Asker: 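What follows is a structure written as structure tokens; I'll ask about it next.
Indexing begins at 1, ligand by ligand and atom by atom, following the structure's order. Here, residue 1 is the first one in the sequence, and each next residue gets the next number. Atoms considered below: every heavy atom in the structure, side chains included; atoms not considered: hydrogens, waters and symmetry mates. Quick caveat: nothing in here was measured; it's all calculated off a predicted structure.
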Amino acid sequence: MATVEASSSEGKGQGVETSVTYYRLEEVAKRNSSKEIWLVIHGRVYDITRFLEEHPGGEEVLLEQAGADASESFEDVGHSSDAREMLKQYYVGDVHPCDLKTENSGKDTTKNNGCTSCWSYWVFPILGAIFLGFLYRYYMAESRSS
Ligand code: HEM
């Protein structure tokens, strides 16, 4: 079982113990039988086995997403805030951080493009400021000479 237990309990009697279980995507992918269905929504892992028959949208759509990342299809439907609230009951853990990284680097090409172009966010304002500085000095020199 490829789970990592990340416990950050603050000690006995002090607030709620917060422990997160991380699951690798390959492990989630195995839970795709009618006996056990897990899926991922926004980096969180849900065991929706007991929810299958209750789902207002039907079993079929959930079975299609079994063991996979259903974030997109979940959002496409435009689920209500009640539906989002329901998710909490089925939460079992988070996707392992290593899998979150590969997800981004593999699919999100805009992120790379964003990084290569981010220098423009500070270079252009600086050049603009220098230009305005020169302009100001020029006008000051002009007004003094006249
Ligand atoms: C554990 C995750 C999910 C929960 C708790 C959930 C919950 C709900 C609820 C409460 C509704 C009733 C309408 C609403 O309140 O928004 C609904 C409708 C629906 N859901 Fe889900 N859902 C889940 C996952 C999914 C996924 C992965 C799909 C994939 C396509 C899906 C497809 C639908 C559809 C098609 C409807 C019917 C929408 C309609 O009739 O307008 N749901 N769901």
Side-chain angles (χ1 to χ4, degrees), residues 1-140:
M1 199 179 200
T3 58
V4 177
E5 194 85 33
S7 181
S8 59
S9 62
E10 253 77 64
K12 283 173 192 164
Q14 288 185 3
V16 186
E17 186 176 301
T18 54
S19 78
V20 180
T21 308
Y22 292 106
Y23 293 99
R24 303 303 304 249
L25 286 181
E26 60 185 38
E27 195 175 344
V28 178
K30 286 181 202 159
R31 322 284 180 129
N32 65 353
S33 69
S34 54
K35 283 183 187 165
E36 194 179 27
I37 292 201
W38 287 19
L39 48 76
V40 174
I41 296 174
H42 301 312
R44 287 168 171 240
V45 182
Y46 299 96
D47 177 354
I48 53 156
T49 315
R50 59 199 163 97
F51 179 62
L52 268 192
E53 288 174 10
E54 296 168 26
H55 184 224
E59 276 183 52
E60 278 302 307
V61 283
L62 295 183
L63 288 166
E64 276 169 21
Q65 303 295 325
D69 189 329
S71 313
E72 218 177 301
S73 34
F74 184 82
E75 292 304 336
D76 285 350
V77 172
H79 281 92
S80 65
S81 49
D82 281 351
R84 287 163 205 281
E85 199 61 32
M86 284 170 79
L87 279 176
K88 290 178 188 167
Q89 304 170 42
Y90 308 105
Y91 171 78
V92 288
D94 283 3
V95 172
H96 195 281
C98 294
D99 284 341
L100 284 177
K101 269 182 210 157
T102 51
E103 240 179 25
N104 287 341
S105 59
K107 288 175 190 170
D108 192 7
T109 50
T110 55
K111 205 177 179 187
N112 291 337
N113 293 342
C115 272
T116 52
S117 64
C118 58
W119 60 269
S120 60
Y121 285 108
W122 53 270
V123 166
F124 288 123
I126 288 174
L127 287 177
I130 292 170
F131 177 71
L132 284 175
F134 275 115
L135 218 60
Y136 178 75
R137 285 185 64 176
Y138 173 77
Y139 279 115
M140 289 305 280

Asker: Please could you name the atoms of ligand 1 that L87 approaches to less than 4.0 Å, counting only its heavy atoms?
Answerer: 1 (C), 2 (C)
Asker: For the pair Y23 and W38, name the ring-plane relationship: parallel under 30°, tilted 30 to 60°, perpendicular over 60°.
Answerer: perpendicular
Asker: Might you point out which heavy atoms bring L100 and G43 nearest each other, and give the distance in Å?
Answerer: CD2-CA, 4.1 Å
Asker: Check each atom of ligand 1 against the heavy atoms of M86 and keep those under 4.0 Å away; list them by number with element.
Answerer: 5 (C), 10 (C)
Asker: Indicate whether any N or O donor in one side chain lies under 3.5 Å from an N or O acceptor in the other, for D47 and T49.
Answerer: yes
Asker: Look at atom 20 (N) of ligand 1 and find which of E85, Q89, E75, H79 reaches it with the closest heavy atom.
Answerer: H79
Asker: Mind listing the closest non-hydrogen atom pair of F51 and M86 along with its distance?
Answerer: CE1-CE, 3.2 Å
Asker: Pick whichever of S81, S80, A66 has a heavy atom sitting closest to atom 14 (C) of ligand 1.
Answerer: S80
Asker: Can a side-chain donor-acceptor contact be found between H96 and E27 if the only test is distance below 3.5 angstrom?
Answerer: no
Asker: Taking only heavy atoms of I48 into account, list the atoms of ligand 1 that are under 4.0 Å away from them.
Answerer: 1 (C)
Asker: Taking atom types as modelled, is there a side-chain donor on S73 or Q65 under 3.5 Å from an acceptor on the other?
Answerer: yes
Asker: Which residue and atom name correspond to the protein heavy atom nearest atom 3 (C) of ligand 1, and how close is it?
Answerer: F74 CE1, 3.6 Å
Asker: Would you tell me which option among E54, H55, Q65 has the nearest heavy-atom contact to atom 31 (C) of ligand 1?
Answerer: H55
Asker: Could you tell me whether ligand 1 has any atom less than 4.0 Å away from a heavy atom of V77?
Answerer: yes
Asker: Checking contacts now, so for atom 8 (C) of ligand 1, which I'm interested in, is there any protein heavy atom under 4.0 Å?
Answerer: yes
Asker: Write out the residue and atom name of the closest protein heavy atom to atom 4 (C) of ligand 1, then the distance separating them to 0.1 Å.
Answerer: F51 CE2, 3.4 Å
Asker: Mark yes or no for whether D99, through its side chain, and L25, through its backbone, hold a donor-acceptor pair below 3.5 Å.
Answerer: yes
Asker: Considering only heavy atoms of A70, which atoms of ligand 1 have at least one such atom less than 4.0 Å away?
Answerer: 27 (C)
Asker: Below 4.0 angstrom from a heavy atom of L62, which ligand 1 atoms are there? Numbered from 1 as shown, please.
Answerer: 24 (C), 25 (C), 26 (C), 27 (C)
Asker: Provide the number and element of each atom of ligand 1 under 4.0 Å from a heavy atom of A83.
Answerer: 5 (C), 7 (C), 8 (C), 9 (C), 10 (C), 16 (O)
Asker: Is atom 39 (C) of ligand 1 close to the protein, meaning a heavy atom under 4.0 Å from it?
Answerer: no
Asker: Side chain to side chain donor-acceptor pair (under 3.5 Å) between D82 and S80: does it pass, once the steps are laid out?
Answerer: CA-CA 5 Å; D82 281 351; S80 65; 4.9 Å; no
Asker: Could you state the interatomic distance from CG (L63) to CG (L52), rounded to the nearest 0.5 Å?
Answerer: 5.5 Å
Asker: How long is the span from the CG atom in L62 to the NE2 atom in H55, to the nearest 0.5 Å?
Answerer: 4.5 Å
Asker: Identify the closest protein heavy atom to atom 11 (C) of ligand 1: which residue and atom is it, and at what distance?
Answerer: P56 CG, 3.4 Å
Asker: What atoms of ligand 1 come within less than 4.0 Å of a heavy atom belonging to G57?
Answerer: 18 (C), 19 (C), 20 (N), 34 (C), 36 (C), 37 (C)
